[in-house]
Amino acid sequence: MTHLAHLPDRAVLAISGADRVTFLQGLVSNDVAEVAPGRAVWAALLTPQGRWLADFFLYEEAEGQRLLMDCAAAQADMLRQKLARYRLRSDVSIDPTGFAVHAAWGAVPPMIDSAIGAPDPRLADAGWRLVLPHPAPGAADHAAYDSHRLGLGLPDGARDCEEGKTLLLEANFEALNGISWTKGCYMGQELTARTHYRGLVKRKLLPVTGAALPPPGTVLTHDGREAGVMASSRDGLGLAMLRLEHRDAVLEAGGQAVRAHLPPWLSLPEGQ
């Protein structure tokens, strides 16, 4: 069975012009040259200091004339403005499209051949990302996909990352194919690489469960000590940014017990 959900909180920007690939290659965390029809790349834009600003999926249209950026609708204008600052003399245009973003999981979606999209590059179980001219008739609402991605432990942009603060390795980009270690320099690369090679990560975005999970921003405690901060959640499934020393503890928030676990796709360095 195929599950299909329209994601109205997403927007699509078109990146066109002869320099579109090299332009993005020097700015984002992943290898833009890997984008091709039917193959997407998940990447992030960082501050010059290496902190998360936004993340997005990149696709190529079948004609090969434009890259499409599937991003949070609330960040689309910010992304256009920030990217435009670095355009200089590059032959690049950044424009809104009005396209509708969908997520599909379960069986292969029947419209996969007629849509712009690809398998979700983060995790095979995540399914597919699809871009259509308009919302697909009969598509489920965003809540269905939200439960699906929380069950897998996948982050959802600004709902789970703090702009200008979160490190990519804290949000598990290295485990979810969101970083290229070989493509060369990009904005914010130095801190990302140093964190990776020196093993400096002290906290991680981890799945949590609880009978009544608290709202985002709620402090989670263990034995009276701050252990982390709650991020997004739905129906007893959620994510929280936790200090790794507390990941096996029973946490508390507002008198409610919260338990964390490592998803099967995430492994920690020995000693963490």
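- A donor-acceptor pair under 3.5 Å links the side-chain atoms of Ser29 to the main chain of Gly178, judged by distance alone.
- The salt bridge (Lys or Arg N to Asp or Glu O under 4.0 Å) pairs that include a residue from residues 220-231 are Arg225-Glu245, where partners are two or more places apart or lie in different chains.
- No side-chain heavy atom of Met187 sits under 4.5 Å from any side-chain heavy atom of Leu46.
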Intermediate values then yes/no, side chain to side chain contact (heavy atoms under 4.5 Å, CB included), Val208 and Met230: CA-CA 9 Å; Val208 295; Met230 193 68 204; 3.6 Å; yes
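- No side-chain heavy atom of Val229 sits under 4.5 Å from any side-chain heavy atom of Glu162.
- Side-chain atoms of Thr2 never come within 3.5 Å of backbone atoms of Gly106 as a donor-acceptor pair (strictly under, hydrogens ignored).
- Of all non-hydrogen atoms in Arg20 and Ile15, the two that sit nearest each other are CD-O, 3.4 Å.
- Considering all non-hydrogen atoms of both residues, Val258 and Pro214 come closest at CG2-CD, 4.3 Å.
- Under the 4.5 Å side-chain heavy-atom criterion for Ile, Leu, Val, Met, Phe, Trp and Tyr, Val131 and Phe56 are members of distinct hydrophobic clusters.
- Annotation: side chain to side chain donor-acceptor pair (under 3.5 Å) contacts of His3 (sequence neighbours excluded): none.
- Side-chain contact check for Leu206 versus Leu266: some heavy-atom pair is nearer than 4.5 Å.
- Judged by distance alone, with hydrogens and angles left aside, the side-chain atoms of His102 form no donor-acceptor pair with the main-chain N or O of Ala139 at under 3.5 Å.
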Contacts under 3.5 angstrom, residues 21-28 side chains, donor-acceptor by atom type, not counting sequence neighbours:
residue, atom, partner, partner atom, Å
Thr22, OG1, Asp19, O, 3.2
Gln25, OE1, Val32, N, 2.9
Gln25, NE2, Asp31, OD1, 2.8

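- Side-chain contact between Tyr186 and Ile179: present, with at least one pair of heavy atoms (C-beta onward) separated by less than 4.5 Å.
- A continuous path of Ile, Leu, Val, Met, Phe, Trp and Tyr side chains, each step under 4.5 Å between heavy atoms, connects Leu169 with Leu123, placing both in one hydrophobic cluster.
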With salt bridge (Lys or Arg N to Asp or Glu O under 4.0 Å) as the test, would you mind laying out the steps for Arg159 and Asp146 before giving the verdict? CA-CA 11 Å; Arg159 298 177 65 198; Asp146 208 31; 2.8 Å; yes
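- Evaluation of the side chain to side chain donor-acceptor pair (under 3.5 Å) test over residues 77-100, restricted to residues two or more places apart or in two chains, returns none.
- Every pair passing salt bridge (Lys or Arg N to Asp or Glu O under 4.0 Å) that includes a residue from residues 166-182 is listed here, sequence neighbours excluded: Glu170-Arg203, Glu174-Lys204.
- Under the side-chain contact (heavy atoms from CB on, under 4.5 Å) criterion, Pro121 pairs with Ala40, Trp42, Phe57, not counting sequence neighbours.
- Within the structure, salt bridge (Lys or Arg N to Asp or Glu O under 4.0 Å) contacts touching residues 41-53 (residues at least two apart or in different chains) do not occur.
- With a 4.5 Å cut-off between side-chain heavy atoms of Ile, Leu, Val, Met, Phe, Trp and Tyr, the cluster of Met241 takes in Leu150, Leu205, Leu237, Leu239.
- In plain terms, the two heavy atoms of Leu53 and Gly164 that are nearest each other are CD2-N, 4.5 Å.
- For the salt bridge (Lys or Arg N to Asp or Glu O under 4.0 Å) test, no residue two or more places apart in sequence or in another chain qualifies with Glu163.
- Checking side-chain atoms of His148 against main-chain N and O of Ala126 turns up a donor-acceptor pair under 3.5 Å.
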If you apply the rule side chain to side chain contact (heavy atoms under 4.5 Å, CB included), what do you find for Trp181 with Thr192, and how did you get there? CA-CA 10 Å; Trp181 303 110; Thr192 303; 4.1 Å; yes
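- No continuous path of ILVMFWY side-chain contacts below 4.5 Å connects Phe99 to Leu67, so the two sit in separate hydrophobic clusters.
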Give the intermediate values and the outcome of side chain to side chain contact (heavy atoms under 4.5 Å, CB included) for residues Arg122 and Asn177. CA-CA 5 Å; Arg122 298 172 297 178; Asn177 305 310; 5.6 Å; no
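- Remark: Arg259 CZ is loosely packed, at most 12 non-hydrogen atoms of other residues, nucleotides or ligands lying under 6.0 Å away.
- Atom CD of Glu60 sits about 8.5 Å away from atom CD of Gln65, to the nearest 0.5 Å.
- Nearest heavy-atom pair, Ser147 versus Arg234, reported as atom, atom and distance to 0.1 Å: OG-CD, 3.3 Å.
- Annotation: the span from Leu13 atom CG to Leu79 atom CG amounts to 6.5 Å, rounded to 0.5 Å.
- Under the 4.5 Å side-chain contact rule for hydrophobic residues, Leu132 and Val108 do not share a cluster.
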What's the verdict on side chain to side chain contact (heavy atoms under 4.5 Å, CB included) for Asp120 and Trp105, showing C-alpha distance, side-chain angles and the deciding distance? CA-CA 10 Å; Asp120 191 314; Trp105 61 100; over 6 Å; no
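- Leu45 and Phe173 fall into different hydrophobic clusters, where Ile, Leu, Val, Met, Phe, Trp and Tyr side chains are chained together by heavy-atom contacts under 4.5 Å.
- In this structure a side-chain-to-backbone donor-acceptor pair under 3.5 Å is present from Thr218 to Pro215.
- The salt bridge (Lys or Arg N to Asp or Glu O under 4.0 Å) analysis of residues 64-75, with sequence neighbours excluded, yields the pairs Arg10-Asp70, Glu61-Arg66, Asp70-Arg129.
- Here the closest non-hydrogen pair linking Gly157 and Asp55 is CA-OD2, 3.5 Å.
- Taking the side chain to side chain donor-acceptor pair (under 3.5 Å) definition, one finds that Ser232 meets it with Arg149, Asp160, sequence neighbours left out.
- Residue pairs satisfying the ring-ring contact (aromatic ring centres under 6.0 Å, His included) criterion with at least one member in residues 230-257, sequence neighbours excluded, are listed as follows: His222-His246.
- Considering all non-hydrogen atoms of both residues, Trp265 and Leu152 come closest at NE1-O, 2.8 Å.
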